[in-house]
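So you know, we letter chains A, B, ... as the sequences are listed, proteins then strands, and number each from 1. None of the values given here were measured: they were computed from a predicted structure.
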There are 2 protein chains.
Amino acid sequence: MTESNLLPDTRTRLIAAGLHLFGRGGFDGTSTRELARRAETNVASIAYHFGGKAGLRQACAESIAHRVSSRMSLADADALPQDPQAALSEIEDTLRQFATMLYSAPEAEDFVPFLLRELTEPGEIAELIFTRLLLPRHVRLCRLWALATGRPAEADAVKLAVFAAIGQLLYFRIARPLVTRRMNWPGIGPDETAQITETVIANLRAAIERSRT
Amino acid sequence: MTESNLLPDTRTRLIAAGLHLFGRGGFDGTSTRELARRAETNVASIAYHFGGKAGLRQACAESIAHRVSSRMSLADADALPQDPQAALSEIEDTLRQFATMLYSAPEAEDFVPFLLRELTEPGEIAELIFTRLLLPRHVRLCRLWALATGRPAEADAVKLAVFAAIGQLLYFRIARPLVTRRMNWPGIGPDETAQITETVIANLRAAIERSRT
DNA sequence: CAGTATTATTCAAACGTTTGATTGAATCAA
DNA sequence: TTGATTCAATCAAACGTTTGAATAATACTG
């Protein structure tokens, strides 16, 4: 106790290094020596704390799962809004939260690239991220969508529409270099984030309107 | 002359191997020995024909650029449709072509993963793919969008809306394992492709309708 | 047209480096 | 002292690349 040290745990530092380096260079593109250097520790610590490089990768994913869970809490599953307008509002709020996390939350900056990279290539990590983070939110969004449009919550069309809405946000982040190039943006700051978010929200409203009639 | 050999060029075989292996395992995750084995040649051929592993990667990208150009030709830039309805139709056609290539074209199957992987990580290759393949089509789609909605073609909102439309298609392909899991699909066949495409087209129509008013 | 010189391509083998992992000693806190 | 943790040093394996000889294709010459 009473940690007067300036540095966090070796364990914690290694996970931070993993998120950063795996997210940028990929798992194969990152060496254990790089990881150790960035975490300011010895290579052997990786094996000691995580059993190996693959174990560190897993620990990075679990670290994200925890942090995202705390930052984007699921609304109580039993408490669904009643009128369509309230359902739509909650969908919009969820997307906005998601966008904030993806584009401009400083504390998410180091793990979002890791998350996206793992999501784009199938494997155990993608599995974990999907079941723990994405799936429960997808299910709830489908229920909300159903409330907002009057369609059955588990209809294929509803599920796909929700995927499409989330997909737009994820895509803008994945293709960020392409988007900034085409838009002649210096980067994605608060203004640009707002523009993207409003585009997606506008698409959402249009889709729901059309689906309702 | 009179090639009675069963195999294509070593050069050609190496590019095919590169598209396949880089697309699945990534650049760092693929060794020159794997590449040579799959191309049924010697490792030294990589250096001989492409200067090295990185050169093969580049050649793979250029091969894609050629193949996509021939399969998805750009309509003549000077021949824009005149009425909004025709413009909308051409946008829809373009998206459908794109979807076919991404999801179900057999001859695209081996290079689509390569293309997506390179697009998701910034670099020289992504640059080439973007400027040669994506950008010209994006520009034309913006013009068509402008015609269909009456808005200025180079308005930020138009560019972003086009990105959002393309992004949906790309995302469904990138996140294919996730989508099939959630939908309880065995895979993405013609039926599933149609469902996805219709979802995106429906979103497109809704967005354009709303943008027009 | 035959025979030779020239070039292009492929090959097995080896190069030096880097990889992830492991070792046993050193260091630390309790 | 004890158990947990970190360390420098080392390991075999795999890495991308290079080598020089062998082979195949092409051009030249008499």
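Residue B:Glu109 places its CD atom among 12 or fewer non-hydrogen atoms of other residues, nucleotides or ligands, all under 6.0 Å distant.
Note: CZ (A:Phe50) to P (C:dT22) measures 16 Å, nearest angstrom. In this structure, A:Leu14 places its CG atom 14 Å from P of C:dG20, rounding to the nearest Å. In this structure, the CG atom of A:Leu21 is 12 Å from the P atom of C:dT19, given to the nearest Å. Atom-to-atom, CG of A:Asp28 to P of D:dC15 comes out at 10 Å; the value is rounded to the nearest Å. Straight-line distance from the NZ atom of A:Lys53 to the C1' atom of D:dA14: 13 Å, rounded to whole Å. Between A:Arg37 atom CZ and D:dA8 atom P the separation is 14 Å, expressed in whole Å. For the pair A:Ile46 CD1 and D:dT5 P, the computed distance is 16 Å after rounding to whole Å. Following rounding to the nearest Å, B:Arg57 (CZ) and D:dT17 (P) show an atom-to-atom distance of 12 Å.
Salt bridge annotation for B:Glu40-B:Arg13: absent, with no cationic side-chain nitrogen under 4.0 angstrom from a carboxylate oxygen.
OP1 or OP2 of D:dC7 sits under 4.0 Å from a side-chain N or O of A:Thr41. Look at B:His49 and you won't find any side-chain N or O under 4.0 angstrom from OP1 or OP2 of C:dA8. Checking the phosphate oxygens (OP1, OP2) of D:dT5, no side-chain nitrogen or oxygen of A:Asn42 falls inside 4.0 Å. Phosphate contact (OP1/OP2 of C:dT9, side-chain N/O of B:Ser45, threshold under 4.0 Å): absent.
Ring pair B:Phe22/B:Phe27: centre-to-centre distance below 6.0 Å.
In the model, A:Thr100 has no side-chain atom that pairs as donor or acceptor with a side-chain atom of A:Ser104 under 3.5 Å.
Of the candidate nucleotides C:dC11, D:dT17, C:dT19, D:dT17 has the atom nearest to the side chain of B:Arg33. For A:Thr32, counting side-chain heavy atoms from C-beta on, the closest listed nucleotide (C:dG20, D:dA8, D:dT18) is C:dG20. Listed nucleotides C:dT22, D:dT6, D:dT19 differ in distance to A:Tyr48; the shortest reach to its side chain belongs to D:dT6. When distances are taken from the side chain of A:Val43 to each of C:dA21, C:dA13, D:dG16, the shortest belongs to C:dA21.
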Exercise for review: For B:Arg67 and B:Asp110, run salt bridge (Lys or Arg N to Asp or Glu O under 4.0 Å): C-alpha distance rounded to whole Å, both residues' side-chain angles, the deciding distance at 0.1 Å, then the answer.
Suggested key: CA-CA 12 Å; B:Arg67 290 163 70 178; B:Asp110 57 336; 3.6 Å; yes
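The two residues A:Pro152 and A:Val158 make their nearest non-hydrogen contact at O-CG2, 3.4 Å.
Looking only at side-chain heavy atoms (C-beta outward), B:Met183 and A:Leu160 come within less than 4.5 Å of each other.
In the helix from C:dC1-D:dG30 to C:dA30-D:dT1, the terminal helix axes, each the rotation mapping four pairs' C1' atoms onto the next four within five end pairs, subtend 20°, rounded to 10°.
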